[in-house]
Each structure stands twice: as C-alpha cells, then as structure tokens.
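Inspection log for the structure reproduced underneath, given as structure tokens.
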There are 2 protein chains.
Amino acid sequence: MTTTVEFIEKLRNSGLRPTKQRIKICEVLFNKETTFHFTINDLVKIIEKEANEKISLATVYNTIHAFEKKGYLKEIPIDANQSYFDTNVTDHHHFYDISEKKLIDLDQVDVGPINIKKSVPGKKIKSVEVLVKLDTDNQ
Amino acid sequence: MTTTVEFIEKLRNSGLRPTKQRIKICEVLFNKETTFHFTINDLVKIIEKEANEKISLATVYNTIHAFEKKGYLKEIPIDANQSYFDTNVTDHHHFYDISEKKLIDLDQVDVGPINIKKSVPGKKIKSVEVLVKLDTDNQ
DNA sequence: AATTATATTAAAACCATTCTAAACTGTTGA
DNA sequence: TCAACAGTTTAGAATGGTTTTAATATAATT
C-alpha cells in the first residue's frame, strides 16, 4: 500500500510534476498486490472504471512513456499490433499465450542463466529477453 | 540459385497459385546467398528497384502473410511500430541494434540451450525466442 | 472456350499512436 | 500572496502501418 503522498514524492523526485492525472495513473499501476501486464486500452478502461473523471488518451500515452523512460514500466515486445507494458521492471522473461493473448511472467530462475557467446564490436548488451510462446496442448 | 520453375513448383505444392507477383516476391526473398531481415516497406522498395512493374501494397501484405503461414518466413517481434520478417526460418535468436534499428542473427550455438523450468497446464511450448538488445558502447 | 475459384488492385477504412496548439496547472521567487 | 513561467492536459486532427472492399483480372478446371 502506497499513499498518495508517496506517489507525489516519487513523481517529484523523478522531475515529473505531480498532476492529478499522473497520481491517478500511479494508483492504478503501482498500488496493487502484484505486478501485471496491460495495453494502453486496458489501462484506459481501468481508469474509467476507477476514476470519476476522464483522462485524455494523449495524457495516458504521455504518462506511460514518461514512466517507461524513468524505468517504472517496461514495454514487452510480442507482436506488432499493440504495445504491452509490464509493471514488473525486474529482469525476467515471459510466456505468451497465443490463443488468449495473455502474458505470464517467467522468473530468471525459471529460465536459467543465458550466456550470449557472440558479440558485436562497439556494441554492448542492454537486455536479454526470452519470449516463450504457448499453444493449446491438444494431443 | 533457384529457378523460376522451382518457385512455381513450390508455390503450387503449397496450394498457392503461381502468379507473377508471387513469383517475383519469391525471387526477391529466396534467391539470395544469405537469409535476411526486412520490413514490408523494405520489401516494396526492393521490388520497385528490381522489377519493371509495380506490385500493389495489398498484394505484398497478402503474399507475406501467406508465406508466413506456410512457414517460409518468420515474423520477429521487436517493437510495436513495425513488423520485421526473417527469411531464416530455422530456430535461432536475434540481436537488435537499437540505434541502427537492425536485426542480427544469433545462432542457437551462440546462445546455448535454454531450459524452461516452468510450465502452464494445458499449454505446450510452441517457440522460445531470445532477443538481445544492443546499445552503442561509449564507456 | 467457358466456367469457376482465386488473386490483384486502388482506394477507402481502420486503428494504435503521435502531434498540435490552445487552455490549464504547478512551481518559483519577488 | 501572486504574477510569471514552464510544464501539462486536452480534444481533435494527423500519421502511418496494416486490413478491407468490391471491382477487375488471372489461373485452373471442365
């Protein structure tokens, strides 16, 4: 449980003005028991359900991008249709259930160490992401 | 080097009528020394340069999707802006150079075996893809 | 050659995302 | 406290990759 005051602190410390829209989005994203995955569309629906006032779609995009840049969110590449975000910003991997279009976290422990044996001159590794696609098991 | 006749065979064997558009796309995609990565936009430019006649954008999309469904191409998820395709359909992984927006193949050997220790009931693993993001190394 | 099924096409539609520029709000410092 | 400024929100328009449409063309079958 994080208080509104703590979100205001967090925002200010990040150089982001604590507007009521950003505080609301913080509450929706970071005041949950567990981390979760969402699309912008999902998020807008949650906000509309929880809030009594409407937030402009442009503001939702702006805020999500600001949070991503600050490292409070991670974008998960799955397909080219839509952006998926994750409130779990620790290093981890994903299952993607193709039929249900749902993401499931895969801890580092569940995948084991990955050793990249190749390198590209002048470039350094920024991240290593494993995506495991799942299909219905009808044998 | 694959002849036009062989492409016609391949198409027919796949249940795809060998139209001159599809044959042209086959030649652009599968008549190369090495496999490569491309976006639809890249492909259209290559076709326009190589061919004397124009192929409709809708046909390019249709054909790429048909080829993907037949397993002649793989889509690589990188970000949500654009679809990237790979003419290398063997199991392998990728580097993604963020600054240059370029994909580089990573052989299975370069990554080593990946052991997924978690499972989801009723679901089976369809694919395991590793995406290694690269950044300019300015230390 | 006629018929049928499939493919191509240009243009319109679609839809997630970004941009615009005007109105609004938080912050700062006098 | 309040004016001034910089940063933020907003609705709506614009963008751009992708898909759909429905008319025309082509390949396959008879």
Side-chain angles (χ1 to χ4, degrees), chain A residues 4-5 7-28 37-48 51-70 72-73 75-85 101, chain B residues 4-5 7-28 37-48 51-70 72-73 75-85 101:
Chain A
T4 305
V5 175
F7 286 133
I8 291 175
E9 272 306 294
K10 187 179 173 173
L11 286 166
R12 239 193 291 262
N13 291 338
S14 313
L16 298 170
R17 287 189 180 170
T19 63
K20 70 174 189 298
Q21 291 85 346
R22 284 173 176 166
I23 294 163
K24 181 75 222 171
I25 293 173
C26 276
E27 283 166 352
V28 168
H37 308 103
F38 65 94
T39 64
I40 295 290
N41 196 31
D42 294 338
L43 182 55
V44 169
K45 277 183 192 160
I46 299 170
I47 292 168
E48 280 175 358
N52 9 17
E53 46 204 316
K54 194 175 164 290
I55 298 182
S56 157
L57 191 57
T59 301
V60 176
Y61 275 101
N62 287 343
T63 302
I64 292 311
H65 290 152
F67 286 2
E68 194 195 354
K69 203 167 276 175
K70 294 294 172 185
Y72 303 148
L73 288 174
E75 187 170 356
I76 315 297
I78 301 163
D79 58 48
N81 302 323
Q82 224 173 345
S83 288
Y84 284 74
F85 295 90
K101 296 191 176 181
Chain B
T4 303
V5 175
F7 286 132
I8 291 174
E9 272 306 292
K10 185 180 174 173
L11 287 166
R12 238 193 289 261
N13 291 338
S14 314
L16 298 169
R17 285 187 181 173
T19 63
K20 71 173 187 298
Q21 291 86 344
R22 284 173 175 165
I23 294 162
K24 181 76 222 169
I25 292 174
C26 276
E27 281 165 353
V28 168
H37 307 104
F38 65 93
T39 64
I40 295 291
N41 196 30
D42 295 337
L43 182 56
V44 169
K45 278 182 189 157
I46 299 169
I47 293 168
E48 281 174 357
N52 10 16
E53 46 205 313
K54 193 176 165 291
I55 299 183
S56 159
L57 191 56
T59 302
V60 175
Y61 275 100
N62 287 340
T63 303
I64 293 311
H65 289 153
F67 286 2
E68 195 196 353
K69 201 167 281 179
K70 293 293 173 188
Y72 303 149
L73 289 173
E75 187 171 357
I76 316 295
I78 299 164
D79 57 47
N81 303 323
Q82 225 172 346
S83 289
Y84 285 73
F85 295 91
K101 294 190 177 185

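Per chain, numbering begins at 1; letters A, B, ... match sequence-line order. These numbers come from the heavy atoms of this one structure, side chains and all, not from hydrogens, waters or symmetry mates.
- A donor and an acceptor atom, one from each side chain of Q21(A) and T63(A), are nowhere located under 3.5 Å apart.
- Put simply, CG on N62(B) is 13 Å from P on dA10(C), counting in whole angstrom units.
- Side-chain atoms of T63(A) lie closest to dT9(D) of the nucleotides dT9(D), dT8(C), dT10(D).
- In this entry the distance linking CD of E9(B) with P of dA28(D) reads 11 Å, nearest Å.
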Protein-to-nucleotide contact annotation, 5' to 3' order, nucleotides 23-30 of chain C [B base; S sugar-phosphate only; - none; under 4.0 Å, heavy atom]:
--BBS---
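- No donor-acceptor pair closer than 3.5 Å links the side chain of K54(B) to the backbone N or O of E48(B).
- Regarding I64(A), its CD1 atom lies at a distance of 15 Å from the C1' atom of dA16(C), rounded to whole Å.
- Taking atom CD1 of I55(B) as the reference point, atom P of dT26(D) lies 14 Å away to the nearest angstrom.
- One atom, NZ of K45(A), and another, C1' of dA16(C), lie 14 Å apart when rounded to the nearest Å.
- Counting heavy atoms from C-beta on, the side chains of F67(A) and L11(A) come closer than 4.5 Å.
- In this structure, the side chains of L73(B) and F38(B) come closer than 4.5 Å at one or more pairs of heavy atoms.
- Not one side-chain nitrogen or oxygen of K54(A) sits closer than 4.0 Å to the OP1 or OP2 atom of dT9(D).
- N62(B) and T59(B) are not linked by any side-chain donor-acceptor pair at a separation below 3.5 angstrom, with hydrogens and angles left out of the test.
- Cation-pi check for K10(A) over Y72(A) is met; the charged atom lies under 6.0 angstrom from the ring centroid and within 45 degrees of its normal.
- Using modelled atom types, one side-chain atom of S56(A) and one backbone atom of A58(A) make a donor-acceptor pair closer than 3.5 Å.
- No side-chain heavy atom of R12(A) sits less than 4.5 Å from a side-chain heavy atom of F7(A).
- Atom NZ of K24(B) is separated from atom P of dT8(C) by 15 Å (rounded to the nearest Å).
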Nucleotides 15-19 of chain D: which of its N/O atoms have a protein N/O under 3.5 Å away?
{"residue": "dT18(D)", "atom": "OP1", "partner": "S83(B)", "partner atom": "N", "Å": "3.1"}
{"residue": "dT18(D)", "atom": "OP1", "partner": "S83(B)", "partner atom": "OG", "Å": "3.1"}
{"residue": "dT18(D)", "atom": "OP2", "partner": "Y61(B)", "partner atom": "OH", "Å": "2.5"}
{"residue": "dT18(D)", "atom": "O5'", "partner": "Y61(B)", "partner atom": "OH", "Å": "3.1"}

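- Per the geometry, CG belonging to L43(A) stands 14 Å off P belonging to dA16(C), to the nearest Å.
- Looking only at side-chain heavy atoms (C-beta outward), D79(B) and P77(A) stay at 4.5 Å or farther from each other.
- Counting to the nearest Å, the C1' atom of dT9(D) and the CG atom of L16(A) are 14 Å from each other.
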